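Along the sequence shown, residues carry numbers from 1. Keep in mind it's a predicted model, so treat the numbers as computed, not measured.
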Amino acid sequence: MNRRDVDLQVILECARRHITSSSDERCRAAASRVFEHLERNVGDDGAVTGERIPVCRYLDAAYAGMTDGKDPLPAIAKAFAGLEGRLHWWRRKGAAPENQPFYDGHANAMLIGPGGIEQREDVMVGVSLMAPHIVYPDHSHPPEEVYIAFTGGAWWNAAMDWTEPGPGGLVYNPPGILHAMRSDQRPFLALWLLPVG
């Protein structure tokens with residue numbers, strides 16, 4: 001039987017406690033679908049090689065803000081720092097070098113899911129990182145999505161105006177909705193969870 005990475009398990013437990021204590025029923029329901037899959041079994045070890053790209057230089061600044069933040073951010077920051085070196089960071093598909101601020105100002109990494117440190121197809125848990133003053137462009141995907149903001153930043157979707165949930169805040173994107181996010185004067189780091197199976 002596979003065993004889940006210890007730091008990854010800490011992140012998941014903190015995220016679960018945080019979301020289930022929320023008053024947002026949509027976030028609780030979507031996240032429960034992710035956590036139900038994760039409780040059933042542990043995926044295979046992902047055959048990924050840790051790789052950073054230029055925007056990763058902002059990770060330490062993001063951690064610093066989390067360490068001083070409210071619960072559960074300090075515990076997540078410590079666990080995330082423990083596994084980050086094994087993550088393969090990648091740019092959004094279609095990001096063009098000609099759009100240099102966005103190209104070198106954003107990254108995503110999969111914790112659980114295709115290309116993650118835990119390989120599986122029924123859920124995706126990952127992180128997005130942005131340098132200050134970057135807009136992650138409008139996009140959509142079939143699964144619903146829950147974000148935990150680790151830092152400042154704002155989210156938009158076709159059913160709501162730009163919203164700044166603050167560190168520890170939650171954001172829900174319904175299935176298939178057009179949505180975007182942006183950083184402010186600080187680096188942006190957020191966790192996302194998608195039930196896909």
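Checking side-chain atoms of His37 against main-chain N and O of Pro195 turns up no donor-acceptor pair under 3.5 Å. The backbone N or O of Gly43 lies less than 3.5 Å from a partner atom in the side chain of Glu118, making a donor-acceptor pair. In this structure, Thr151 contributes its side chain and Pro187 its backbone to a donor-acceptor pair below 3.5 Å. Thr67 contributes no side-chain N or O that, together with a main-chain N or O of Pro74, makes up a donor-acceptor pair within less than 3.5 Å. In this structure, His88 contributes its side chain and Gly115 its backbone to no donor-acceptor pair below 3.5 Å.
In terms of heavy atoms, Ile134 sits closest to Pro101 at CD1-O, 3.2 Å. Between Gln119 and Pro114, the shortest heavy-atom contact is NE2-CA, 3.4 Å. Considering all non-hydrogen atoms of both residues, Ile19 and Ala31 come closest at CG2-CB, 3.6 Å. Residues Ala149 and Ala190 come closest through the heavy atom pair CA-CB, 4.3 Å. Shortest non-hydrogen contact noted between Cys14 and Ile76 is CB-CG1, 3.6 Å. Between Gly116 and Val48, the closest heavy-atom pair is O-CG1, 3.8 Å.
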May I have the step-by-step check of side chain to side chain contact (heavy atoms under 4.5 Å, CB included) for Tyr172 and Ile177, ending in yes or no?
-> CA-CA 10 Å; Tyr172 175 75; Ile177 199 164; over 6 Å; no
Show the numbers, then the answer: is there a salt bridge (charged side-chain N to carboxylate O under 4.0 Å, His left out) between Arg16 and Glu39?
-> CA-CA 12 Å; Arg16 183 207 303 260; Glu39 283 178 356; 2.8 Å; yes
Verdict with supporting geometry, Arg86 and Asp5, salt bridge (charged side-chain N to carboxylate O under 4.0 Å, His left out) = CA-CA 11 Å; Arg86 292 179 284 144; Asp5 177 271; 2.7 Å; yes
Kindly determine whether Ser22 and His18 satisfy side chain to side chain contact (heavy atoms under 4.5 Å, CB included), including the steps that lead there.
-> CA-CA 7 Å; Ser22 163; His18 186 60; over 6 Å; no
Could you check Val55 against His106 for side chain to side chain contact (heavy atoms under 4.5 Å, CB included), going step by step and ending with a plain yes or no?
-> CA-CA 6 Å; Val55 71; His106 82 286; 5.6 Å; no
Output, in order, the C-alpha distance, side-chain angles, deciding distance and verdict of salt bridge (charged side-chain N to carboxylate O under 4.0 Å, His left out) for Glu25 and Arg28.
-> CA-CA 5 Å; Glu25 175 59 35; Arg28 290 198 318 266; 2.3 Å; yes
Please test Val123 against Leu38 for side chain to side chain contact (heavy atoms under 4.5 Å, CB included), starting from the C-alpha separation and ending with a verdict.
-> CA-CA 8 Å; Val123 297; Leu38 296 175; 3.6 Å; yes
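In the model, Trp192 has a side-chain atom that pairs as donor or acceptor with a side-chain atom of Ser128 under 3.5 Å. In the model, Arg120 has a side-chain atom that pairs as donor or acceptor with a side-chain atom of Asn41 under 3.5 Å. The closest side-chain donor-acceptor pair between Glu51 and Trp90, if any, does not fall under 3.5 angstrom. No donor-acceptor contact under 3.5 angstrom links the side chains of Asn2 and Asp45, judged on distance only.
Looking only at side-chain heavy atoms (C-beta outward), Gln9 and Arg3 stay at 4.5 Å or farther from each other. His141 places a side-chain heavy atom less than 4.5 Å from the side chain of Leu194. Contact check for Asp71 versus Leu73: no side-chain heavy atoms found under the 4.5 Å cut-off. Side-chain contact between Ile148 and Leu170 is present, with heavy atoms from C-beta onward closer than 4.5 Å. Using a 4.5 Å heavy-atom threshold, the side chains of Leu59 and Phe80 count as touching. Contact of the Pro143 side chain with the Pro175 side chain is not registered, since no non-hydrogen atoms from C-beta on lie closer than 4.5 Å.
A ring-centre distance under 6.0 Å is found for Phe102 and Tyr136. Aromatic pair Trp155/Phe188: ring centres closer than 6.0 Å.
Glu84 CD to Leu189 CG: the interatomic distance, rounded to the nearest 0.5 Å, is 9.5 Å. Put simply, NZ on Lys93 and NE2 on His139 are 14.0 Å apart, with the number rounded to the nearest 0.5 Å. Between the SG atom of Cys27 and the CG atom of Asn173 there is a distance of 9.0 Å, given to the nearest 0.5 Å. Distance check, rounded to the nearest 0.5 Å: CG of Asn157 to CE of Met181 gives 12.5 Å. Annotation: the span from Thr163 atom OG1 to Asp161 atom CG amounts to 7.0 Å, rounded to 0.5 Å.
Salt-bridge check for Glu144 with Arg26: failed, with every basic side-chain N at 4.0 Å or more from each acidic carboxylate O.
Annotation: cation-pi geometry not satisfied between Arg182 and Trp156 (NZ/CZ under 6.0 angstrom from ring centroid, within 45° of ring axis). Both tests hold for Arg91 against Tyr103: distance to the six-membered ring centre under 6.0 Å, angle to the ring axis within 45°.
Criterion: ILVMFWY side-chain heavy atoms under 4.5 Å apart, direct or through other members. Under it, Tyr147 and Phe150 are not part of a common hydrophobic cluster. A single hydrophobic cluster is not seen to contain both Met130 and Val127; linkage of ILVMFWY side chains at heavy-atom distances under 4.5 Å, directly or through other members, places them apart. Met110 and Val34 are not part of a single hydrophobic cluster, where members link through side-chain heavy atoms under 4.5 Å apart. Both Met66 and Leu83 are part of a single hydrophobic cluster, where members link through side-chain heavy atoms under 4.5 Å apart. Leu12 and Val10 fall into different hydrophobic clusters, where Ile, Leu, Val, Met, Phe, Trp and Tyr are joined by side-chain heavy atoms under 4.5 Å apart, directly or via other members.
The side-chain contact (heavy atoms from CB on, under 4.5 Å) test with Ile117 is passed by exactly one of Ile112, Leu87, Asp7: Leu87.
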